[in-house]
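Everything on this sheet refers to the single structure shown next.
A note on names: the letters A, B, ... follow the listed sequences, proteins ahead of strands, and every chain is numbered from 1. Because only heavy atoms are used, hydrogens play no part in the values below, and waters and symmetry mates are left out as well, while side chains stay in. Please read all numbers here as calculations on a predicted model, not as lab measurements.
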Amino acid sequence: MADVLRELFDEMVADEPPLRTTTDSAAAAGRRLRARRRTLWTVAGAAAAVALVTAVPTLASTGRPPSPVGPPSLSAPVTTTAPATPTADLEGQVVRSHYCPSTTPRAQLRTSTSDGSILPDVERAAAAVMAAAPRIAPGKEFILRVHRYLASTEAWKDRPQVALIFDVGDASGYGFLSFQIYTEQGVPAPDRAQWELDGHATCIDVQRRDFTDGSVAVNESDASGPNSTKVYYFAARGYDMNIDALSEPWTTSTGPESTPTPSTLSPRTSVPLTVAQIMALADVVAHS
Amino acid sequence: MREDETAYRDFVTARIAHLRRVAFLVSGDWHTAEDAVSTALAKLYVAWNKVRDRERIDAYARTMVIRAVLDERRRPWRREKDPYDDTMSASVPDRTGEVHDRILLRRALEALPRGRRAVLVLRFYEGLSVEETAEALGCSTGTVKSQTARGLAAMRDLLPDDYLITHGAIDG
């Protein structure tokens, strides 16, 4: 079997496409990364110092954190500052488990991916998130950065997607919330969720919420880290959402754009939203 | 400083194509492979001065690439893509029997979880020992052994007997 595998591997790489990455572009990317890390350390250090200086007197006098400071205006961002109202019991609707994937080989997921008409309307979806933000994530400021329908991209040719990206933050800094929404028709949402969960080699911790309409949201421990949280939302209507919340504000290097533009916002030390909040916001998008 | 830059460039020129092949075999997708190699090489540039044992730079880079592939699903705007889409099928020359075998094999490999696929690629494409594979993936030798056994068993289960007999993987 080992010989068969070696032959297979050699055959698989025989038709390799031309390299896009060059020695020059690799070195340039390395230089950018080094500069970005230096900037991040500087910005994070300055933000921590400012937060300490401003938060301590404010907390001492009012007992409440200071109001979020808005970012410089970009291309007419939609902003809302949520009031500090009590959070609904979102956490209690998420079920936590330790999941061990099936040992039987995973079959191919045979879905139809070309019908973009079933995807959420970008305007309505963006507006719905902004409207629901005060209820779902009180105290957080949401700034709409991207709401676009993409009929085709370089990586996913002729595969329609909806992009929704928000900066989300408060006095502790800003992270971003990104929705990549794409059609997956022909397989029920719970089966698509199961397929995702069975794509692991080892047992994982899972947070899951089953919605009344048959949609399913999952968070897998191996796909998240201290500064990022990933949630998949499998909509009953036949599309999936690949949702990420990160502790850094959005730049154009992440998402459908390819030219990096640094954010003017300060990063955070943690993700701005909980798994339960992300799942609730995904459901808002699905029903917008 | 300039010597380091030259050494980095020499390394990238010599090894980038091979690293991308390794990334492709683990991910099953050339786009993902290229992205993972770009990410890993940028990190390698930043860490270049810290790698004291230059003879191990290849292993270090390979580990970064594999981990970039396995971490790919953490990134926004990425998700595993079916590598057997129409685009890839269309690029395969029309040699009916060979193509059929090749598709069967690829599908069997694709059905494995990425972590298990990484173990098989490192063991049987890169020719690493159990210990070297464990070091590259940051896991125990026991995990490598069990993942290798399960991966090979799963491949056998997915392939028809006549294919395995023809290729000498089992007795006819």
Could you tell me whether A/R6 atom CZ has more than 12 heavy atoms of other residues or ligands within 6.0 Å of it?
yes
Between B/D4 and B/Y45, is any side-chain donor less than 3.5 angstrom from a side-chain acceptor?
no
Where on B/L120 is there a heavy atom nearer than 4.5 Å to chain A: the side chain, the backbone, both, or neither?
both
Quick one: pull up CD in A/E184 and OH in A/Y232 and give me the separation to the nearest 0.5 Å.
11.0 Å
Between A/N227 and A/S247, is any side-chain donor less than 3.5 angstrom from a side-chain acceptor?
yes
What orientation do B/F11 and B/W48 show, parallel under 30°, tilted 30 to 60°, or perpendicular over 60°?
tilted
Honestly, the part of A/L19 sitting under 4.5 Å from a heavy atom of chain B is both
By a 4.5 Å heavy-atom criterion (distance strictly below it), what part of B/R20 contacts chain A: side chain, backbone, both, or neither?
side chain
Report which part of B/V121 has an atom under 4.5 Å of a heavy atom belonging to chain A: side chain, backbone, both, or neither.
both
Can you classify the ring geometry of B/Y125 versus B/H18 as parallel (below 30°), tilted (30 to 60°) or perpendicular (above 60°)?
parallel
I'd like to know which of A/T113, A/T21, A/T229, A/I243 tops the heavy-atom pair count under 4.5 Å against chain B.
A/T21
Among the options B/V12, B/T13, B/L41, B/L25, pick out the one with the most heavy-atom pairs lying under 4.5 Å from chain A.
B/L25
B/Y8 versus chain A, the contacting section by heavy-atom distance below 4.5 Å:
side chain
